[in-house]
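The block underneath contains the structure these notes are about, expressed in structure tokens.
A quick note: this is a predicted structure, and the numbers were derived from the prediction, not measured. Order of listing sets the numbers, starting from 1, for every ligand and every atom in it.
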Amino acid sequence: MNATSDSVGRGRRVLVVEDNVRSRRLVRDLLELHGFDVVDVETAEAGLDAARRSLPALVLMDIQLPGMDGVAALRELRADPATRGIPAIAVTAFAMQGDEERVLDAGFDAYISKPIDVRSFPTRLQAVLEAGRP
Ligand code: MN
């Protein structure tokens, strides 16, 4: 897909950390449709490495991951001066009351629940990109 000037992504790099292959494919396709340059990885450990190397404009982080989970990974991103300013959105199937508060407390800028609402998805990303990190 071409990154047109009126797309949300505008060619900006987004890092996707997601262990489920079908979810990763869906998110990649959606992001590319909206003009993002996508880097995707399967684990938090790989995500930390990719974030430091590619310095994305945005991170979409699954919470339930093998090994280190998304909350722990986000804490590491926020502890590193090189990556602490990167906006990050938690993407998770967690639906229990209190989960949104938990991920926001961990330092995420927003929370998107699965299954992803494809219609509101670009607007949510746009809002986080525009707000930046406080
Ligand atoms: Mn997962």
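Counting non-hydrogen atoms of other residues, nucleotides and ligands closer than 6.0 Å to CZ of R52 gives a total above 12.
The side-chain heavy atoms of R102 and I63, taken from C-beta on, include a pair separated by under 4.5 Å.
For the Mn ion (ligand 1), the nearest N, O or S atom contributed by D19 is named OD1. Taking the Mn ion (ligand 1) as reference, the nearest N/O/S atom within D62 carries the name OD2.
The nearest N, O or S atom of Q64 is closer to the Mn ion (ligand 1) than 2.8 Å.
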Apply salt bridge (Lys or Arg N to Asp or Glu O under 4.0 Å) to R78 and D109, showing your working.
CA-CA 11 Å; R78 292 288 176 256; D109 299 287; 3.2 Å; yes
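With rounding to the nearest 0.5 Å, the separation of CZ in R24 from CG in D40 is 5.5 Å.
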